[in-house]
Protein chains: 2
Amino acid sequence: MDFFGEIVQIFGVPPSVGQIFGLLYASPVPLCFSDIFEQLDISKGSASQGLQLLRDLGAVHSVENGGEGRREYFEPELSLRQLVSGVLRERIAPMAAAGDERLARLRKLAEQDGSADEFYLDRVEQLETWRRRLKTVLPVLTTLLGPKRRK
Amino acid sequence: MDFFGEIVQIFGVPPSVGQIFGLLYASPVPLCFSDIFEQLDISKGSASQGLQLLRDLGAVHSVENGGEGRREYFEPELSLRQLVSGVLRERIAPMAAAGDERLARLRKLAEQDGSADEFYLDRVEQLETWRRRLKTVLPVLTTLLGPKRRK
DNA sequence: CCTGCGGTTCAAGCTAAATTGAACCGAATT
DNA sequence: AATTCGGTTCAATTTAGCTTGAACCGCAGG
């Protein structure tokens, strides 16, 4: 159970969120909100926020119950590709965007610097090269993780 | 400068370490220990630990100075592949190893459980599949980031 | 309309991690 | 051999961010 709790920290996701996913993953049947915070012994607040994040990441889906009450039941996303691409979309992409702006500003600085040597410009350009490579590689990664692809 | 400080946090590397790398990256000439903690206005302790980590990651190299004093001068690693593989080796691999042990234990639990349905065993096997995929894909990533490869 | 239930929001507390600063170590210099 | 210098180590402090818990919202049922 804590297994997931620790794993997800790599991606900057709080442990409790990993635990929630772990609980759902370990459950043969979909669970509802109260199941989650009762069984994990965490606060309603954590459970709510955690579920929200998992929804944003596309890591859980609410499943239709037979019109019983208004409880929402959840089950985990089981496609590794979906999970990874969710993290990429919600955590990495925003950072990349922010980085882009900064990088643009850095370039301006380097250009208007007008210093004798082109050292700073070179470095900025290398940064841009790095960023470009990462941007091309990351999407490839998600396709590589696609299910049941042939050898 | 803080640019790097923020970026590295994704990988669970403390900001000060990123700043050190940033400083070296932005410097036309190699810098020594005292340059670093003076210019960044951080403690000697942070600088020392930070440099240690960067060394472990293979993100900086000490460069031979012309026999002047015993100061050690540093310059940044500029190969993206080296940087990424360093992070993989020092941060990801250990976690993967720890995960393996846990996974093995989980499997034992699932096997000896002897419960009627094979649900738990199925889930454990899926986890193993995920892990296997990640282990094959990550090395590929570093080669994809290799320098000046042809289109 | 009022009450209870499922769920969300948010300020405040708390835990874990990063940073500090001082004690310390070995090598070089005097 | 004593002192200074470059650098490391580690306990204590600070900071960041996760968790909590209470107030709150909308809806369903009475």
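So you know, we letter chains A, B, ... as the sequences are listed, proteins then strands, and number each from 1. Because only heavy atoms are used, hydrogens play no part in the values below, and waters and symmetry mates are left out as well, while side chains stay in.
If you measure from atom CD of Glu6(A) to atom C1' of dC18(D), you get 16 Å, rounded to the nearest angstrom. Separating the OH atom of Tyr73(B) from the P atom of dG7(D) is a distance of 9 Å, rounded to the nearest angstrom. Rounded to whole Å, the distance from CD1 on Ile20(A) to C1' on dC18(D) is 12 Å. Note: CD (Glu72(B)) to C1' (dT8(D)) measures 12 Å, nearest angstrom.
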Show me, pair by pair, the donor-acceptor contacts under 3.5 angstrom made by side chains of residues 75-83 of chain A, not counting sequence neighbours?
| residue | atom | partner | partner atom | Å |
| --- | --- | --- | --- | --- |
| Glu77(A) | OE1 | His61(A) | NE2 | 2.5 |
| Glu77(A) | OE2 | Ser79(A) | N | 2.9 |
| Ser79(A) | OG | Arg81(A) | N | 3.4 |
| Ser79(A) | OG | Gln82(A) | N | 3.1 |

Side-chain polar contacts of residues 7-33 of chain A - donor-acceptor pairs under 3.5 angstrom, sequence neighbours left out - could you list them?
| residue | atom | partner | partner atom | Å |
| --- | --- | --- | --- | --- |
| Tyr25(A) | OH | Arg123(B) | O | 3.0 |
| Tyr25(A) | OH | Gln126(B) | OE1 | 3.2 |
| Ser27(A) | OG | Val29(A) | N | 3.2 |
| Ser27(A) | OG | Val29(A) | O | 2.4 |

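For the segment residues 51-63 of chain A, no residue has any heavy atom less than 4.0 angstrom from an atom of DNA chain D.
Residue pairs meeting the salt bridge (Lys or Arg N to Asp or Glu O under 4.0 Å) criterion with at least one member in residues 97-106 of chain A, sequence neighbours excluded: Asp100(A)-Arg131(A), Asp100(A)-Lys135(A), Arg102(A)-Glu6(B). Residue pairs meeting the side-chain hydrogen bond (donor to acceptor under 3.5 Å, both in side chains) criterion with at least one partner in residues 87-96 of chain B, sequence neighbours excluded, do not occur; the list is empty.
Between Val137(A) and Leu141(B), the shortest heavy-atom distance links the atoms CG1-CG, 4.1 Å.
Comparing atom distances between the Gln9(B) side chain and each of dG17(D), dT9(C), dG7(D) picks out dG17(D) as nearest.
Classification of Arg55(A) and Glu72(A) as a salt-bridged pair holds, one side-chain N sitting under 4.0 Å from a carboxylate O. Between Arg107(B) and Glu111(B), at least one side-chain nitrogen of the basic residue sits less than 4.0 Å from a carboxylate oxygen of the acidic one, meeting the salt-bridge criterion.
Judged purely by atom type and a 3.5 angstrom limit, Ser46(B) has no side-chain atom pairing as donor or acceptor with the backbone of Ser43(B).
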- Determine, for nucleotides 19-30 of chain D in 5'-to-3' order, which nucleotides have protein heavy atoms under 4.0 Å from the base (write B), from only the sugar-phosphate (write S), or from neither (write -). BBB----BBS--
